[in-house]
Amino acid sequence: MQIEADQSFCPVCGAARLVFSSVIHHMLCAYVGPQFDFAETPAGLTCPKCRRELRVSDAEIVGTSARCANCHAEMMVSPPAA
């Protein structure tokens with residue numbers, strides 16, 4: 001499911017409880033997912049697929065996602081129109 005960047009309500013349940021997160025591409029194992037999928041450790045983030053610590057050189061932010069805090073639906077966020 002995809003929503004616009006300025007949308008503030010969940011298209012599934014209608015709640016105004018969207019939590020936005022960066023989408024990260026871990027280049028070493030090709031995992032792509034929202035930042036909340038990655039485990040936070042004192043040293044940084046750990047990939048949920050390969051369990052390696054992310055380094056700046058092997059991870060890239062490729063977009064934005066949103067999750068509804070009410071119904072937990074996940075969606076991609078379209079970039080803002082120029």
Side-chain angles (χ1 to χ4, degrees):
M1 179 177 329
Q2 191 153 346
I3 63 170
E4 298 296 318
D6 61 351
Q7 190 165 335
S8 60
F9 61 91
C10 176
V12 175
C13 72
R17 298 184 62 201
L18 295 181
V19 178
F20 293 87
S21 178
S22 297
V23 175
I24 298 172
H25 177 197
H26 186 215
M27 310 236 194
L28 293 178
C29 72
Y31 183 80
V32 178
Q35 185 172 342
F36 49 75
D37 279 359
F38 292 79
E40 289 191 43
T41 66
L45 297 174
T46 302
C47 179
K49 180 178 176 185
C50 68
R51 305 286 187 234
R52 291 186 192 147
E53 237 177 66
L54 269 63
R55 286 183 250 153
V56 175
S57 62
D58 58 279
E60 181 180 348
I61 295 176
V62 295
T64 304
S65 70
R67 179 190 287 180
C68 178
N70 189 53
C71 71
H72 305 289
E74 292 185 21
M75 54 221 77
M76 290 300 298
V77 179
S78 296

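Hydrogens, waters and symmetry mates play no part in the numbers below; they use all other heavy atoms, side chains included.
The CZ atom of R52 sits 7.0 Å away from atom SG of C29, with the distance rounded to the nearest 0.5 Å. Rounded to the nearest 0.5 angstrom, R55 CZ and L28 CG are separated by 7.0 Å. The SG atom of C47 sits 5.0 Å away from atom CZ of F38, with the distance rounded to the nearest 0.5 Å. Atom NE2 of H26 is separated from atom CG of D58 by 4.0 Å, given to the nearest 0.5 angstrom.
Under the 4.5 Å side-chain contact rule for hydrophobic residues, V32 and M27 do not share a cluster. Linking ILVMFWY side-chain heavy atoms closer than 4.5 Å, directly or via other members, places M1 and F20 in a single hydrophobic cluster.
Between L54 and the choices I24, T41, T46, the side chain to side chain contact (heavy atoms under 4.5 Å, CB included) rule is met once, by I24.
Of all non-hydrogen atoms in V23 and M76, the two that sit nearest each other are CG2-CE, 3.9 Å. When every heavy atom of C68 is checked against every heavy atom of M75, the shortest pair comes out as N-CE, 4.5 Å. Across every non-hydrogen atom of G14 and F9, the tightest pair is O-CB, 4.0 Å. For V62 against H25, the heavy-atom pair with the smallest separation is CG1-CB, 3.8 Å. Across all their heavy atoms, C13 and N70 have their closest contact at SG-ND2, 3.3 Å. Nearest approach of S65 to V77, heavy atoms of both residues: C-CG2, 3.9 Å.
Between the side chains of S21 and Q35, no donor N or O sits under 3.5 Å from an acceptor N or O.
Every pair passing salt bridge (charged side-chain N to carboxylate O under 4.0 Å, His left out) that includes a residue from residues 67-79 is listed here, sequence neighbours excluded: R67-E74.
Summarising the hydrophobic clusters (Ile, Leu, Val, Met, Phe, Trp, Tyr; side-chain heavy atoms under 4.5 Å, direct or chained), the residues clustered with V19 are none.
Residues passing the salt bridge (charged side-chain N to carboxylate O under 4.0 Å, His left out) test with E53, sequence neighbours excluded: none.
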